[in-house]
There are 2 protein chains.
Amino acid sequence: MLLSVDPASNLPLFEQLVTGLRGQIIAGSIAAGDRLPTARDLADSLDVNVHTVLRAYQMLRDEGFIDLRRGRGAVVADRAQDFSQLSIGVSRLVDEAKALELTPGALSALIREAWEK
Amino acid sequence: MLLSVDPASNLPLFEQLVTGLRGQIIAGSIAAGDRLPTARDLADSLDVNVHTVLRAYQMLRDEGFIDLRRGRGAVVADRAQDFSQLSIGVSRLVDEAKALELTPGALSALIREAWEK
DNA sequence: ACCTATTTGTCCGTATGTATG
DNA sequence: CCATACATACGGACAAATAGG
């Protein structure tokens with residue numbers, strides 16, 4: 001079983017999906033290159049709406065854990081399990097960002113803009 | 001007029017809303033402390049769905065530009081207009097991230113993790 | 001302390017578009 | 001050309017937090 005959700009939880013369904021899937025990706029029980037079930041299939045098996053799964057998938061894509069594209073589905077990113085090793089330089093970057101009184105989301109937005117140039 | 005959207009554009013409606021509002025916030029034509037129209041009001045005036053506006057509002061909140069809460073509405077954040085001055089430091093952060101061969105999404109995910117500690 | 005109106009938050013359903021293979 | 005699968009947008013319903021009376 002890939003995962004389960006609790007409709008009675010105080011946590012939103014899409015949040016449960018994100019944390020559940022992300023945890024398994026980081027843990028390695030879902031390997032890089034693995035294909036996640038289609039949003040429709042996972043939604044049916046968990047008895048939730050397709051949009052709820054898609055919202056979770058899109059969050060995981062924004063976080064870089066999966067590659068999500070039309071017509072192809074969701075594939076666990078190659079770099080997903082390497083993230084733990086890359087955090088060395090990041091903490092310093094975060095410290096600087098905090099000194100600038102940025103929020104995490106703001107920094108991410110600014111980074112995406114700056115990345116293009 | 002606060003802004004306008006073009007249904008025929010190749011850009012999604014929520015994206016037009018985000019860039020339009022963010023631009024005005026950065027430019028200062030919408031000042032810190034200003035209250036944005038309720039999602040329903042803006043949706044009605046632009047003839048788009050409430051969910052489309054809410055999605056845009058939630059993105060602006062994630063980016064730190066507005067304070068968005070149930071029952072209160074959307075208020076432009078105090079730090080919002082300082083963002084234009086922060087781009088200098090960000091480009092340097094991005095350069096370092098690129099040197100580490102990070103993807104934008106990967107960096108965002110790492111940042112959110114590191115932010116907690 | 002209570003009630004009510006306001007406003008966002010989540011979820012469901014449906015329809016249509018669009019990139020992929 | 002066609003089936004697949006995500007992307008966006010619309011609509012409706014109810015829940016939950018907030019503010020004010």
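We name chains A, B, ... by the order of the sequence lines, and we start the count at 1 in each one.
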Evaluate side-chain hydrogen bond (donor to acceptor under 3.5 Å, both in side chains) for B:D41 paired with B:T38, printing each intermediate quantity in order. CA-CA 5 Å; B:D41 286 349; B:T38 70; 3.2 Å; yes
Show, in sequence, the C-alpha distance, side-chain angles and deciding distance for B:I26 and B:F65, and conclude whether the side chain to side chain contact (heavy atoms under 4.5 Å, CB included) test is met. CA-CA 9 Å; B:I26 291 179; B:F65 287 100; 3.9 Å; yes
For nucleotides 9-14 of chain C, read 5' to 3', which letter fits each nucleotide if B means a protein heavy atom sits under 4.0 Å from the base, S means only the sugar-phosphate is that close, and - means neither? SBBSBB
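Atoms CZ (A:R40) and P (D:dA7) sit 16 Å apart, rounded to a whole Å. Rounded to whole angstrom, the span from the CD atom of B:Q16 across to the P atom of D:dA7 amounts to 18 Å. With rounding to whole Å, B:L60 atom CG is found 13 Å from C:dT8 atom P. In this structure, CG of B:D67 is placed 15 Å from P of C:dT7, rounded to the nearest angstrom. As rounded to whole Å, 15 Å separates atom P of C:dT8 from atom CG of B:D62. If you measure from atom CE of B:M59 to atom P of D:dA7, you get 13 Å, rounded to the nearest angstrom.
The two residues B:V48 and B:V53 make their nearest non-hydrogen contact at CG2-CG2, 3.8 Å. Considering all non-hydrogen atoms of both residues, B:A77 and B:A32 come closest at O-CB, 3.5 Å. Here the closest heavy-atom approach between residue A:L68 and residue A:A74 is recorded as CD1-CB, 3.7 Å. Considering every non-hydrogen atom in both B:V76 and B:L36, the closest pair reads CG2-CD2, 4.5 Å.
At most 12 non-hydrogen atoms from other residues, nucleotides or ligands lie less than 6.0 angstrom from CG of B:D47.
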N/O to N/O distances under 3.5 Å, protein versus nucleotides 19-21 of chain D:
residue, atom, partner, partner atom, Å
D:dA19, OP1, B:R72, NH1, 3.4

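Proximity of a side-chain donor or acceptor of A:R35 to a complementary backbone N or O of A:R72 within less than 3.5 Å is detected.
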